[in-house]
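Numbers restart at 1 for each chain; the letters A, B, ... are given by sequence-line order, proteins then strands. Everything numeric in this text was worked out from a predicted model, so none of it was measured. Only this structure's heavy atoms are used, side chains among them; waters, hydrogens and symmetry mates stay out.
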Protein chains: 2
Amino acid sequence: MLIPLDESTPLYRQIYAAIRSAILSGELAPGSRIVSSRQMSRELAVSRNSVLLAYDQLLAEGYLDSTIGSGTYVSANLPDDGMPRPVQRPAMSEDTPVAVSKAAQAARTALSQAVRPRAKPLAYDFQYGLPNVADFPHELWRRLLIRRARQRSAQTLAYAPPAGLPELREAVALYLRRARAVSCDASQVLIVNGSQQALDLIARTLCDPGDRVVIENPHYSGSRHVFSVAGANLVPIPVDHDGLSVEIGERTVKKAKLIYVTPSHQFPTGAIMPLSRRIALLNWAEALGAYVVEDDYDSEFRYVGKPIEAVQGLDHKHRVIYVGTLSKTMFPSVRIGYLVVPAPLVEAFTAMKYVNDRHTAMLQQHTLATFLSDGHFERHVRRSRVRNAARREAVISALRQHLGDRVQIAGENSGLHLLVWIPELKAAAIPELVEAAEKRGVGLYSVLPYYIGDPLCAGVVLGYAALEPDQISAGITLLKNALNSLRR
Amino acid sequence: MLIPLDESTPLYRQIYAAIRSAILSGELAPGSRIVSSRQMSRELAVSRNSVLLAYDQLLAEGYLDSTIGSGTYVSANLPDDGMPRPVQRPAMSEDTPVAVSKAAQAARTALSQAVRPRAKPLAYDFQYGLPNVADFPHELWRRLLIRRARQRSAQTLAYAPPAGLPELREAVALYLRRARAVSCDASQVLIVNGSQQALDLIARTLCDPGDRVVIENPHYSGSRHVFSVAGANLVPIPVDHDGLSVEIGERTVKKAKLIYVTPSHQFPTGAIMPLSRRIALLNWAEALGAYVVEDDYDSEFRYVGKPIEAVQGLDHKHRVIYVGTLSKTMFPSVRIGYLVVPAPLVEAFTAMKYVNDRHTAMLQQHTLATFLSDGHFERHVRRSRVRNAARREAVISALRQHLGDRVQIAGENSGLHLLVWIPELKAAAIPELVEAAEKRGVGLYSVLPYYIGDPLCAGVVLGYAALEPDQISAGITLLKNALNSLRR
């Protein structure tokens, strides 16, 4: 038996692998005798010890059999027909269709619509959700992180409560009561891996396949995806300048399990739902026996008027599930969000989180608890609100200066993005505009993925949190050039 | 209007809250006029500015209307019947049954079986899965963590690839090829939040409701739970001293989507599946068109003989999904595990992870990538294998010394736990034994939750990784006392 040996791997592993491979390929037939370790060591010019180690492992794993005094054989007990033979090509190519669940088919659609990270960053990328590295107090966060990492104990290293670190739940409840008039105590707060997991838990905990879920049209596509994956039937209801049209909903929807809304800053149109409609929404949910999912993804950033309190705070019937995230206020890769659920649902949500992934990583939870309760979070939000207000001002004034009446701006009073409608372009022309902008170093994002059906004209979402005012102004100038290039 | 004011909250918030509450309760009827800000400031003896701020917010939120020159009124536009009134008691008490999904009902069962953290730790807790604070090189880990936390950039703070950090996937693939003979490249590795999320992703990606899933009996209950939540029909197949009985399976199961196994150390019996059965398992899966889920949860710890390579490495037909975790080798709260999936399934699994929670937190992924690729992980595993071998030795010798023939030890050659059968006790008597042990400061864990049906006699799982040999020996002495106390 010729075994080519090199120096990168222990010799016994190479001998082991070669013999094993010969057995699996059938070169060494079951029952056949193999040479003694002494002889093998001579043939290969290696120490007998290396050969013995290899033989031992093959014996332990059942590839070889040995009878004292009569030598070593390839095991006869391996079922003959069961021998995996080395395959020339995979039995299943990567293109072979594979039977995955219906849920996985829906998930694949979701992934195919995800914004792909760019190989080369653009100079002026208006991507919504990009973090601003300069805004966040990283040095402070790291200090807290290190301090927490030092406090190791059996308790901080072991499995933790599925609903989250108690002190963090307490800090989140306090913050939400104060800043968002959410009516809750810590027992209703669940800590999760960002708002995406919050939405997924909602869909799994409340929807059986076939249940109806009202979504806004247009809407945040991450929410559409979780409900599709849960097998729900989506019922898209139009959005007007006050957000989801409850009136149309009441007229057309007689049965639903959930109503998903973004009332503080409708995504992507930016509409702010007024109080009267919020109350109408709660009444409608009550009439349907449905839960309202209030996704409050960027309510921290409101520039005109005072923040409007959460729908959750108006609800006295345990009908609202409130979702928030730190991806927008801190940075996305921290992966922390939270849910506030009505008391009667706490146990079911905790159970679903437990089955999903036991609990969210603890170091970030510990660090965030301190960050919140020492007031750092709110100080950071106040500071970045001022910076984002300047960025918002820069986008608006650049759009007005360079594009004037050619664009309509929506949703600019709140959040970290605005929506730019371009009446001179049809919706179908958006990809062309996006491409022309990209050639000029400008990242634009079509509204199309957020719509079921098409909007009346072209629209793009401009996220501005990651850019500084001078970049914004330069980017909008280039956007104008891109738009002009389409006129021909 | 009398508003009691205190100093803990800004005055304008208190005034705002009091008026809002009066409107919501109906005390202030829609259309009724409220006193001027000047008059209110006099009545409450606060600055007019505070009152104006409160009025402004109420106006912004639509609670109040003001017509220039004619004063301020409670908004008439709020739908009358829609006014949420302050409720004396919640409309829904916490005991009211709530309609949750079938999946959530299954999840609640899972949570109800979870081991609860103890209010007061026991002196001798044999809980499986408790970390050993002393074994892990925390100082080194923290240094790597801090170094990685310093390297902040737009890229490390933004959303990351759902399948995980590329350098970590590469390091895991390399480790698994070397240490476990897993046949894979980095593109097949997905980084997840512990093996629980791996199992949940498997169930969601491959199982539609009603699909059959073969599980071991007894089995790791975390796996049963994910399949139940996915709506699968569980098919329990008995375990013998070689692990899952493929023979019984072949005889009784003609259709299945998945076969879930723990071949390197069956949980909880500790059986090690020999090669011939591994090959029979692969053939059976092929005949059924099923996938094998290989949960390799503690294969790093093998004390007798060489480690046996993973079933995945024997498979040439893309039939095996391999699951591993760092909760056992590092510590549970880090929440990192990994999946190796056949190439044709990579996209569907990545999509399901993306919908579930976008991606696993990045700081731990970066840190772990360095920890693995610089060889720290394997050095740590080698060192803790030596320590765990001593602990294992201590349990076995204490059991032999104190309980002799009264117990049978199983699964002691591998892993971080062993199973103790107590033929003199019926299975039904386990809770009594657990209680008697707890009174003596000893934490014992029943095998019952791992069984569908009952075992032939009483059995307890003893996890020993968190205890030192002298504690183990003392604990077993007390276990003997507890057992004797049941004889009466």
Side-chain angles (χ1 to χ4, degrees), chain A residues 57 60-62 77-78 82 84 87 91-92 94 96 98 100-101 103-104 107-108 110-111 131 133 138 142 149 152 154 157-160 193 196-197 200 204-205 207-208 225 229 274-276 279 283 305-306 308 316-318 331-333 335 343-344 348 351-352 354-358 361-362, chain B residues 57 60-62 77-78 82 84 87 91-92 94 96 98 100-101 103-104 107-108 110-111 131 133 138 142 149 152 154 157-160 193 196-197 200 204-205 207-208 225 229 274-276 279 283 305-306 308 316-318 331-333 335 343-344 348 351-352 354-358 361-362:
Chain A
Q57 175 143 6
E61 295 182 7
N77 282 336
L78 300 177
V87 275
M92 196 187 272
E94 296 198 22
T96 313
V98 173
V100 297
S101 64
R108 288 165 92 160
L111 184 63
V133 183
H138 293 282
R142 193 160 49 242
R152 67 172 188 266
L157 300 176
Y159 289 100
N193 315 335
Q196 185 65 27
Q197 191 181 41
D200 192 39
R204 297 179 81 184
T205 305
C207 294
D208 283 308
H225 296 145
V229 166
L275 179 66
S276 56
I279 290 172
N283 288 339
K306 298 262 173 223
I308 294 189
H316 293 274
K317 307 218 168 156
H318 303 286
F331 50 92
S333 74
R335 298 281 75 210
M352 194 57 84
Y354 175 75
V355 168
N356 188 183
D357 66 358
R358 293 293 182 248
M362 290 312 284
Chain B
Q57 176 143 7
E61 295 182 7
N77 282 336
L78 301 177
V87 273
M92 196 187 274
E94 296 198 21
T96 313
V98 174
V100 296
S101 64
R108 287 165 92 160
L111 184 63
V133 183
H138 294 283
R142 192 160 51 240
R152 66 174 190 266
L157 300 175
Y159 289 101
N193 316 334
Q196 185 65 28
Q197 191 180 42
D200 192 37
R204 298 178 80 184
T205 305
C207 293
D208 283 309
H225 297 146
V229 166
L275 180 66
S276 55
I279 289 172
N283 288 339
K306 298 262 173 221
I308 294 191
H316 292 276
K317 306 220 168 153
H318 303 286
F331 50 92
S333 75
R335 297 283 74 213
M352 194 56 86
Y354 174 74
V355 168
N356 188 184
D357 65 357
R358 294 291 182 248
M362 290 312 285

All heavy atoms of Leu157(B) vs all of His138(A), minimum pair found to be CD1-CE1, 3.2 Å
The side-chain hydrogen bond (donor to acceptor under 3.5 Å, both in side chains) partners of Gln196(A) (sequence neighbours excluded) come to Arg358(B)
Interface check, chain A: of Ala160(B), Ala110(B), Ala158(B), Ala103(B), most non-hydrogen pairs under 4.5 Å belong to Ala158(B)
The interface call for Val355(A) against chain B, heavy-atom contacts under 4.5 Å, is both
Contact between Met352(B) and Val100(A) at the side-chain level, heavy atoms closer than 4.5 Å - yes or no? no
| query | Can you tell if the side chain of Tyr354(A) reaches within under 4.5 Å of the side chain of Arg108(B), non-hydrogen atoms only? | reply | no
Take Arg204(B) and Asp200(A) through the test side-chain contact (heavy atoms from CB on, under 4.5 Å) and record every step on the way to the result. CA-CA 12 Å; Arg204(B) 298 178 80 184; Asp200(A) 192 39; 2.7 Å; yes
Bottom line for Pro131(A): the part with an atom under 4.5 Å from chain B's heavy atoms is side chain
Exam field: side chain Ser101(A) to backbone Thr205(B), donor-acceptor pair closer than 3.5 Å
yes
Per-residue tally against chain A (heavy atom, under 4.5 Å) across Arg142(B), Gln197(B), Met362(B), His225(B) peaks at Arg142(B)
